[in-house]
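Accompanying notes for the structure given below.
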Amino acid sequence: MADIQFHHVKKTYDTGVTVVPDLNLEIHDQEFVVLVGPSGCGKSTTLRMIAGLEEITDGDLMIGGKKVNDIAPKDRDIAMVFQNYALYPHMTVYKNMAFGLELRKTPKSVIDEKVRWAAEVLNLTDYLDRKPKALSGGQRQRVALGRAMVRDPAVFLLDEPLSNLDAKLRTQMRTELTQLHKKLNTTFVYVTHDQTEAMTMGDRIAVMKDGILQQFDTPQNLYSFPRNLFVAGFIGSPQMNFIHAQVEYSGEEIRVVFGGFSIPVPIGKCGNSLNDYVGKTVIVGIRPEDMHAEDIFLAASDHSKVRFEVELAELMGAEIYLYGKCGGEKMTARVPARTKAKAGDSIELAIDCNHIHIFDEESEAVICQ
């Protein structure tokens, strides 16, 4: 078993700076968990605490049901893959992968079996006699993975391992890492600032900000049901639009009003949770793909149509990202390429009210979605 549990874990450096104030997190055995957040949010520090490379100031860290606060890194049954690969340049691929086992006095026959198995899994068999300088970035990354694999660890820790690769190779390696996790059936903890990597790879994602866990959930739940404004804005590309709006009653209907537009909140969407906000300002979140330009949506959405002033149109192939203003608020719309909108156009868009998110202006917590 290689489940990982943080119980009120705190990390404060000698300078007095607290990076992780109070972390409670449980990672299941054989789960692929991604720690994601902006630079300086504490995700790498959290990973290094699991590895034993950072001391824990307070709280308990459990791996496989065993407290490991004071256990040396080499005795934690973990393997770490770094951003810069950390390969030995004077050693062949075979030697790089075998080195850790040689230090442990592992029999040569066992070393050979493990190295060749890892090379086969990672498509490195033809490169075992080469040195790192003769390999591509993706091949070096696979060597670093192979060096970790031969140790047969209970937990893999990966600290932004794809950030040095080009875009095409990064996409390929995302797929390879996901498949590798399925083959090895072990626990993976992966750190990245790239929310696309997080969404495509993780069984669950821990979103962090300022050392505080904002939400820990499946990719789909993070996207569809963000707990607060930060998660809503961080997950999704292009990011969610945020509009300051007034909550008003119109007959028996609650509406959110901004920039001369009045958008109905579907009956039953928020229950009674908006009643206390009537006459107050809230933040309305609208994902770019929930702003529609097609005639079929416009015809069916008389009460949620808005005028959008296009400032920039980015053609992405099958779709266009439109950047502009709506009622004075900066917004982004993601529409089909056949829309043919361009900079300077004023077009009509229909907002899908069933998918709007409403947040408290002060606490930034979600009110309804």
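Between the side chain of Arg255 and the backbone N or O of Glu248, no donor-acceptor pair lies under 3.5 Å. Although no hydrogens or angles enter the test, the distance criterion places a donor-acceptor pair under 3.5 Å between the side chain of Lys43 and the main chain of Pro38. Between the side chain of Asp360 and the main chain of Ala365, no donor-acceptor pair closer than 3.5 Å is present. Between the side chain of Glu319 and the backbone N or O of Met316 there is no donor-acceptor pair closer than 3.5 Å. Looking only at distances, no side-chain donor or acceptor of His357 sits under 3.5 Å from a matching main-chain atom of Ile283. A distance-only check finds no donor-acceptor pair linking the side chain of Asp210 to the backbone of Ile212 [under 3.5 Å]. For Asp3 (side chain) and Asp29 (main-chain N/O), no donor-acceptor pair under 3.5 Å exists by modelled atom type. Without hydrogens or angle criteria, Lys269 side chain to Ile356 main chain gives a donor-acceptor distance under 3.5 Å. Judged by distance alone, with hydrogens and angles left aside, the side-chain atoms of Asp290 form no donor-acceptor pair with the main-chain N or O of Asp352 at under 3.5 Å. Of the possible donor and acceptor atoms, one in the side chain of Arg307 sits under 3.5 Å from a partner among the backbone N and O of Ser346.
The two atoms that bring Arg227 and Gln215 nearest to each other are N-OE1, 2.6 Å, heavy atoms only. Contact between Leu349 and Leu298 at its shortest, heavy atoms only, is C-CD2, 3.7 Å. In this structure, Val310 and Ala341 approach most closely via the heavy-atom pair CG2-CB, 4.5 Å. Listed here is the closest heavy atom pair of Tyr277 and Ile367: CZ-CD1, 3.5 Å. In plain terms, the two heavy atoms of Gly52 and Pro73 that are nearest each other are O-CG, 3.5 Å. Shortest non-hydrogen contact noted between Ala2 and Thr187 is O-OG1, 3.0 Å.
Side-chain contact between Arg116 and Tyr94 is present, with at least one heavy-atom pair separated by less than 4.5 Å. Between Pro288 and Asn241 there is a side-chain heavy-atom pair separated by less than 4.5 Å. Looking at heavy atoms from C-beta onward, Arg76 lies in side-chain contact with Leu61 at the 4.5 angstrom threshold. Counting heavy atoms from C-beta on, the side chains of Glu361 and Lys280 never come closer than 4.5 Å. Using a 4.5 Å heavy-atom threshold, the side chains of Arg287 and His355 count as separate. With contacts defined as side-chain heavy-atom distances shorter than 4.5 Å, the pair Ile111/Phe99 does not qualify. For the pair Ile27 and Val155, the minimum side-chain heavy-atom distance is 4.5 Å or more. Between Thr200 and Thr178 the shortest side-chain heavy-atom distance does not fall below 4.5 Å.
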Would you sort out whether Arg151 and Lys114 count as a side-chain contact (heavy atoms from CB on, under 4.5 Å), showing the intermediate values? CA-CA 8 Å; Arg151 293 178 51 194; Lys114 283 179 174 289; over 6 Å; no
Step-by-step side-chain contact (heavy atoms from CB on, under 4.5 Å) determination, Leu145 to Leu177: CA-CA 9 Å; Leu145 285 167; Leu177 277 173; 3.6 Å; yes
For side-chain contact (heavy atoms from CB on, under 4.5 Å), just list the numbers for Arg147 and Leu87, CA-CA rounded to whole Å, side-chain angles, deciding distance to a tenth of an Å, and then say yes or no. CA-CA 9 Å; Arg147 184 174 57 189; Leu87 301 178; 3.9 Å; yes
Verify side-chain contact (heavy atoms from CB on, under 4.5 Å) between His181 and Asp203, making sure each step is shown before the conclusion. CA-CA 11 Å; His181 172 251; Asp203 296 324; 3.9 Å; yes
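Residues forming a ring pair (Phe, Tyr, Trp, His ring centres under 6.0 Å) with Phe234 (at least two apart in sequence, or on another chain): Phe230. Cys270 meets the disulfide bond (SG atoms under 2.5 Å apart) test with Cys368; sequence neighbours excluded.
Remark: Gln172 CD is packed, more than 12 non-hydrogen atoms of other residues, nucleotides or ligands lying under 6.0 Å away. Surrounding NE2 of His303 are at most 12 heavy atoms belonging to other residues, nucleotides or ligands under 6.0 Å away. Within 6.0 Å of atom CD in Glu26, more than 12 heavy atoms from other residues, nucleotides or ligands are found, so the atom counts as buried in its surroundings. Atom CG of Asp75 sits in a crowded spot, with more than 12 heavy atoms from other residues, nucleotides or ligands closer than 6.0 Å. Around atom NZ of Lys305, more than 12 heavy atoms belonging to other residues, nucleotides or ligands sit under 6.0 Å away. Remark: Lys95 NZ is loosely packed, at most 12 non-hydrogen atoms of other residues, nucleotides or ligands lying under 6.0 Å away. Atom CG of Asp129 has 12 or fewer heavy atoms from other residues, nucleotides or ligands within 6.0 Å. Within a 6.0 Å radius of CD in Glu55, no more than 12 heavy atoms belonging to other residues, nucleotides or ligands are found.
Using modelled atom types and a 3.5 Å distance limit, the side chains of Thr281 and Gln246 yield a donor-acceptor pair.
Between atom OG1 of residue Thr196 and atom CE of residue Met201 there is a gap of 12.0 Å, rounded to the nearest 0.5 Å. Atom-to-atom distance recorded for Asp194:CG and Arg170:CZ is 6.0 Å, nearest 0.5 angstrom. Rounding to the nearest 0.5 angstrom, the gap separating the CG atom in Leu122 from the CD atom in Glu120 is 10.0 Å. Interatomic distance, Lys66 NZ to Asp77 CG, rounded to the nearest 0.5 Å: 10.0 Å. Taking OG1 of Thr46 as the reference point, atom CG of Leu157 lies at 11.5 Å (rounded to 0.5 Å). In this structure, CZ in Arg334 is found 7.5 Å from OG in Ser237, a value given to the nearest 0.5 Å.
Shown are Lys209, Gln214, Glu364; of these, the side chain to side chain donor-acceptor pair (under 3.5 Å) with Asn228 is made only by Gln214.
Between Tyr190 and Phe32, the ring planes lie tilted relative to each other; the angle falls in the 30° to 60° range.
Residues Leu184 and Val34 fall within the same hydrophobic cluster, defined by Ile, Leu, Val, Met, Phe, Trp and Tyr side chains chained together at heavy-atom separations under 4.5 Å. Under the 4.5 Å side-chain heavy-atom criterion for ILVMFWY residues, no single connected hydrophobic cluster contains both Leu222 and Met240. Hydrophobic clustering, with ILVMFWY side chains joined whenever heavy atoms are under 4.5 angstrom apart, keeps Val143 apart from Met91. Cluster annotation: Phe261 and Val278 are assigned to the same hydrophobic cluster (Ile/Leu/Val/Met/Phe/Trp/Tyr, side-chain heavy-atom contacts under 4.5 Å, transitive). Tracing side-chain contacts under 4.5 Å through hydrophobic residues (I, L, V, M, F, W, Y), one reaches Leu162 starting from Met149; they form part of the same cluster.
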Throw together a table of side-chain donor-acceptor distances under 3.5 angstrom for residues 16-25, partners on residues two or more places apart or in other chains.
| residue | atom | partner | partner atom | Å |
| --- | --- | --- | --- | --- |
| Thr18 | OG1 | Thr12 | OG1 | 2.9 |
| Asp22 | OD1 | His8 | ND1 | 3.0 |
| Asn24 | OD1 | His8 | N | 2.9 |
| Asn24 | ND2 | His8 | ND1 | 3.4 |

